[in-house]
Amino acid sequence: MSMLHENRLSEIFRSSRKKLSIYLTAGYPKLQDTVPLLEILQNSEIDFVEIGIPFSDSIMDGPVILHSHQVALENGMTIDLLFDQLAEIRDYISIPIVLMGSMNPVYQYGFEKFCRQCGKIGIDGLLLPDLPLIEFKRHYSTFYRQNNLASVFMISPQTSEERLAQIDEATEGFLYAVSSSSTTGASNKMEDSQSYFEQLQIRNFRNPVVVGFNIKTKEDISFVNQYVDGVIVGSAFVQILEGGFDQERIVEFIAGLKGCQ
Amino acid sequence: MSYQVDENGFYGPYGGSFVPEVLFPNVAELAENYQDIMADPDFQNELKRLLHRYAGRETPLYPSPYLSGLYGASILLKREDLCHSGSHKINNTLGQVLLAKRLGKKRIVAETGAGSHGVATAMACALLKMPCSVYMGEVDMVRQFPNVERMRLLGAEVIPAVSGSKTLKDATNEAFRHWINNPEDTYYVIGSVVGPHPYPDMVARFQSVISCELLGQVPELTGKQLPDYVVACVGGGSNAAGSFYHFLDHPAVRLIAAEAAGKGLHSGFSAAATFLGKEGILHGTKTKFMQTIEGQVLEAHSISAGLDYPGIGPLHAYLHDTGRAEFVAVTDDEAMDAGIALSKNEGIIPAIESAHALAALAQLRLKSKDVVVVCLSGRGDKDLETYIQYSTSQKSES
Ligand SMILES: Cc1ncc(COP(=O)(O)O)c(C=O)c1O
């Protein structure tokens, strides 16, 4: 049921090189930091980025990302503003971009209009953790398709075999596997999830698998990459922005993550 | 028209299950099993026994001379305040904790606003030997301190919710996060008819013991088969759902839901979700809640911690849109005055939540033959501090 045209996301997953992705919160630490951060990440050869849309009540997130959402909202970040900031982005940013966030802000913006704006700007994927598969299929999948947006879904160690197949079927781009059952930024060790990663490795998914949540170090990354196609670093990255935007620190942090590759 | 949840967990456009994948298996397991477990005669007998012998049901239906005189109609109080734990919340927590055991769960997590649900959960957990963690907003821990101490005495761990407005919505967020981090052996006892399917329906069914008893009590006391009005306050809406339940399909019974208008509907300090809210997705369900144009959840305000929630359950959003229930807004002051008046004139100190339902009576055009049931959802012991402060400030103003 592959329905996606090629986009930047499917393009990068054609190579078998392990992918490194960074999560950032739109409008954090300062309202205008979103685009400069994208430029630094592209220059640091990050494979793709996820931009989080802040929400007042995100139940998926732990303290670090929650705090970034709160600050971003206080800074005045909105979906309209984010789309304004990203309007010309494809003139100079070529890495894939996935937007991520809770359902409600997107729902209030208007789902169809949201997807259309994404298509216009050149956003490559959309991940809404609290959008149920059944609702996606019933109401929203056409909007993704019309705008060449990859529908990214999460899987967890709790997800049943039967459901894994359903999610894989509905997913485009990549499967987002959470490293353990937790909110973002928990302190679980990657080694503790080894048997889960092994299961992911032997399963024949039609999509590449990228692991996210609680990945902090290059050791974490090299461990996880033994089993899957790449990783996403979120809270650990957001945390280094806490003191403010410091380009040198960011570059150094990413160099540190990449040391292993 | 049906007011029952459909097979996908919706009441018309409202409801459903909007949870992250980590919680999907837990919520699905519950959705697949709750009806069978609740229909099992052994389960029913055990719950009935506990509700009777432990919680003190059935609760009286008390004709209030004071209120009847004041409004010129027959006003009957459904005395949920006499339930063990001090409110209707025990009807739900005994049911859910029993059900959690049937599902083989080992620990309980809950959220609480006023502390009524937290206390009722802690009691059920002490009784049924389940470890219990309760999230409570830091602000609420201060204004309902006696309930914090009660929960602790009952052996529950009380964890302050320090995010956002530090009230009920944030305690609910934290309880969900706790569940996400502990999905395997933990069961989340939600305290109202909110959250993902099947919670709204399950909680409404556990609370429907209220209207089930009314079906017998109203004819016995009044000679009328059905009441003309049933009035209840709505935080998330569990005591209202339970009071309305068996009357939903009797259109002659007018259902009145009292929402907290706080300092006034348009004061910016209100919790009246049907007046100020808009459809959206919060805490795993599609319902009406107060939010900005951008979909950020607004902080609610009510003098009563139990009504201090920006939304209502999906059933109520549906009852509102279909006109099956009528929603009225009651201010802090109107509720406090009604609560104090009942205390002075009837010797019953109501919970401030329940006082909103009492104050709503003033907005009805009652006729002398009308039989009006008001759900007195809880007692006011937990609210002494607020009552004292309010009385003192009233005196100094006059
Ligand atoms: C006594 C009492 N009544 C009512 C409520 C509101 O909850 P619900 O609307 O679910 O009945 C509460 C909540 O804490 C309460 O303590």
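Here is the naming used below: chain letters follow the sequence lines, and residue numbers restart at 1 for every chain.
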Handout entry: Main-chain N/O of B/V297 paired with A/S56 side-chain donor or acceptor, under 3.5 Å
Key = yes
Completion exercise
Hits for side chain to side chain contact (heavy atoms under 4.5 Å, CB included) against B/E7, two or more places apart or cross-chain, chain-then-number order -> none
Handout entry: Per-residue contacts, residues 153-163 of chain A versus chain B, heavy atoms under 4.5 Å
Key = A/M154, A/I155, A/S156, A/Q158, A/T159, A/R163
Completion exercise
If one checks every heavy atom of B/N26 against chain A at 4.5 Å, the contacting part turns out to be neither
Exercise for the section: Answer yes or no: is there a side-chain heavy-atom contact under 4.5 Å between A/L81 and B/E294? Expected result: no
Problem - Expected output: side-chain A/Q108 to main-chain B/E279 donor-acceptor under 3.5 Å - result: yes
Problem - Neighbours of chain B found in residues 59-76 of chain A - heavy atoms under 4.5 Å - result: A/I59, A/M60, A/D61, A/L66, A/L73
Practice task
State whether the side chain of B/N181 and the backbone N or O of A/T183 hold a donor-acceptor pair below 3.5 Å, judged by distance alone.
Solution key: yes
Problem - Proximity breakdown for B/F176 and chain A, heavy-atom pairs closer than 4.5 Å - result: side chain
Exercise for the section: Go through the atoms of B/P20 and report whether side chain, backbone, both or neither lie under 4.5 Å from a heavy atom of chain A. Expected result: both
Practice task
List for me each residue that meets salt bridge (Lys or Arg N to Asp or Glu O under 4.0 Å) alongside B/E29, sequence neighbours excluded, and say none if there are none.
Solution key: B/K105
Problem - Backbone N/O of B/G280 and side chain of A/N104: donor-acceptor pair under 3.5 Å - result: no
Problem - Contacting region of B/I293 [heavy-atom separation from chain A under 4.5 Å] - result: backbone
Handout entry: Heavy-atom contact with chain B under 4.5 Å, split by part of A/S102
Key = neither
Practice task
Please state whether the side chain, the backbone, both or neither of A/F55 comes within less than 4.5 Å of a heavy atom of chain B.
Solution key: both
